[in-house]
Amino acid sequence: MTPPQKKRSKILIIDFGSQYTQLIARKIRESKVYCEIYAFNSDIEKIKNFEPDGIILSGGPSSVYDKGAPIISKDIFQLGVPFLGICYGMQIMAHLLGGKVMPAKNREYGHSKLEIINRSKILAGCGKSSLVWMSHGDLIVKIPDGFVINAQTETCDTASFENPGKKIYGVQFHPEVAHTQCGTKILNNFLFDVVKVKGDWELEDFISGKIREIKELAGGSKAICALSGGVDSTVTAVIAAKALSGRLKCIFIDNGLLREDEAKSVMKYYEENLNLNVKSVDASKLFLKELKGVADPERKRKIIGKLFIKVFEKEAKKIKDAHFLVQGTLYPDVIESVKVFGASSVIKSHHNVGGLPKKLNLKLIEPLRELFKDEVRIIGKSLRVPEEIIKRQPFPGPGLAIRIIGEVDKRRLEILRRADKIVTEEIKKAGLYEKIWQSFPVLIPVKTVGVMGDKRSYESLIAIRAVTSSDGMTADFVKLDYDILRICSSRIISEIKGINRVVYDVTSKPPSTIEWE
Ligand code: XMP
């Protein structure tokens with residue numbers, strides 16, 4: 001019999017649509033406290049069932065008086081647990097509890113100097129004045145009864161307030177962003193001095209708990225797992241294999257759109273380092289055949305996604321008595337997204353091994369469902385997943401096909417593979433590979449004129465893209481050193497036939513996306 005699980009401390013974050021909500025969650029987990037994010041319109045019963053020890057109300061882009069602004073029921077404050085409101089979350093508190101919020105004359109955005117005017121548990125250890133990060137257009141002009149103001153900035157009289165008797169705290173600035181000097185201290189004050197949680201979220205316990213859970217769930221059945229070579233599916237498979245050993249059957253599909261030698265090297269890691277039971281399926285001819293003549297990015301994505309499922313289904317059916325499908329779904333994929341500005345349009349139909357067939361009638365096992373990517377990397381390390389896999393930059397499911405503008409064929413794939421190898425080598429040499437989110441070349445089969453030796457050339461061009469990002473949702477282009485660009489450019493042109501020009505992409509996301517298609 002498994003011993004009863006002790007109750008773990010839990011914080012609930014209510015999301016009002018801030019771009020920083022996931023950052024709050026990651027910061028809290030870094031302090032070894034488990035937390036989850038619920039959308040602002042979640043049912044109060046769902047919130048109660050979560051049994052939070054404390055609740056954080058996130059920021060958000062709205063004004064509390066906007067038509068359709070995200071609002072929660074005032075009843076939430078009856079739950080009797082401590083609250084911390086951040087930015088819009090603080091304004092919601094003021095609005096619901098009898099205070100008043102008004103538009104400010106000027107929007108306050110960026111660094112501000114916070115002056116503490118009242119001693120408070122939440123600001124303990126911050127020093128009398130410190131820099132904080134502000135991003136708001138409204139101000140609290142009247143605080144609710146029972147509250148006191150703790151701190152102010154030059155333009156914001158209510159930069160922090162509290163009702164210590166009710167354990168309700170609010171800060172107008174963002175403690176979760178690195179620009180707020182004592183932000184981590186403030187969050188930890190809330191966690192450990194106000195809520196008084198234990199720092200009991202240990203990834204090691206998490207792994208052993210998951211292994212136990214999978215064992216119980218699967219009993220003697222077999223399970224199937226699609227491996228992509230990336231960190232999520234690999235860590236997922238390693239955890240599942242520990243629970244199921246020989247009963248986990250993995251499938252690796254080579255769609256012919258991978259980087260140079262990728263299929264071979266990944267299989268080597270799976271079999272030699274990780275001892276996984278993997279069947280490698282070479283479907284490259286099939287993918288290339290279906291992609292022939294297709295230039296439209298969305299059509300390419302759809303073809304690749306559908307074909308992947310078809311090939312996977314065919315292989316999965318060969319595995320008799322399998323009842324489970326193991327998937328590397330991560331927490332950001334399952335957080336209900338808050339759409340404050342109405343429905344968002346589909347920019348790209350993403351494909352990854354997460355969206356696998358429903359037809360197979362397999363029950364899902366998703367061991368990483370509660371984790372962020374950085375936590376998966378930590379777990380991967382403790383499970384001895386090779387660094388080459390853990391530290392890999394994200395690679396899209398449709399592979400190089402969405403980095404070749406227009407039609408995909410063998411020759412273009414070959415050109416892009418060689419360029420990719422050069423860019424990766426140079427970025428690694430410069431010590432940047434792990435510091436940036438993604439760096440890769442894109443093949444643009446538009447011809448331009450050049451001169452090589454004494455001869456006129458008329459060839460395609462390669463664009464180099466390198467971005468920093470924390471989650472792929474937004475990204476900045478990397479200000480790469482000219483020397484690195486110069487070396488990449490001269491190597492690409494001298495080593496690859498068919499390219500006579502290299503350009504660097506200097507757009508961020510938004511307005512561009514990371515991938516070109
Ligand atoms: P975009 O191009 O949408 O990319 O700015 C954001 C991040 O997602 C990756 N990406 C994908 N990943 N399947 C994936 O698994 C896909 O279809 C896909 N499309 C883009 C992209 O590499 C970047 O990290």
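Along the sequence shown, the residues carry numbers beginning at 1. Order of listing sets the numbers, starting from 1, for every ligand and every atom in it.
At under 3.5 Å, not a single nitrogen or oxygen of Pro398, backbone or side chain, sits near a nitrogen or oxygen of ligand 1. At under 3.5 Å, a nitrogen or oxygen of Ile514, whether backbone or side chain, sits near a nitrogen or oxygen of ligand 1. Polar contact with ligand 1: absent for Arg403 (N/O pair, distance under 3.5 Å).
The ligand atoms of ligand 1 that sit less than 4.0 angstrom from a heavy atom of Arg301 are 16 (C), 17 (O), 18 (C), 19 (N), 20 (C). Near Gly472, meaning under 4.0 Å from one of its heavy atoms, ligand 1 places the atoms 6 (C).
Ligand 1 is approached by Trp437 to a heavy-atom distance shorter than 4.0 Å. Glu517 does not count as a contact of ligand 1, since none of its heavy atoms falls under 4.0 Å from the ligand.
Here the two rings, on Phe440 and Trp516, have centers that are 6.0 Å apart or farther.
Partner Arg491 forms a side-chain contact (heavy atoms from CB on, under 4.5 Å) with one of Lys421, Arg418, Glu426, Arg486 and no other, that one being Glu426.
By the 6.0 Å and 45° rule, Lys10 stacks over the aromatic ring of Phe50. Cation-pi check for Arg259 over Phe395 is met; the charged atom lies under 6.0 angstrom from the ring centroid and within 45 degrees of its normal.
Side chain to side chain, Ser457 and Asn500 meet the donor-acceptor criterion of an N or O pair below 3.5 Å.
Side-chain contact check for Trp437 versus Val478: every heavy-atom pair is 4.5 Å or farther apart.
Closest heavy-atom approach to atom 24 (O) of ligand 1 within the set Lys509, Gln438, Glu515: this belongs to Gln438.
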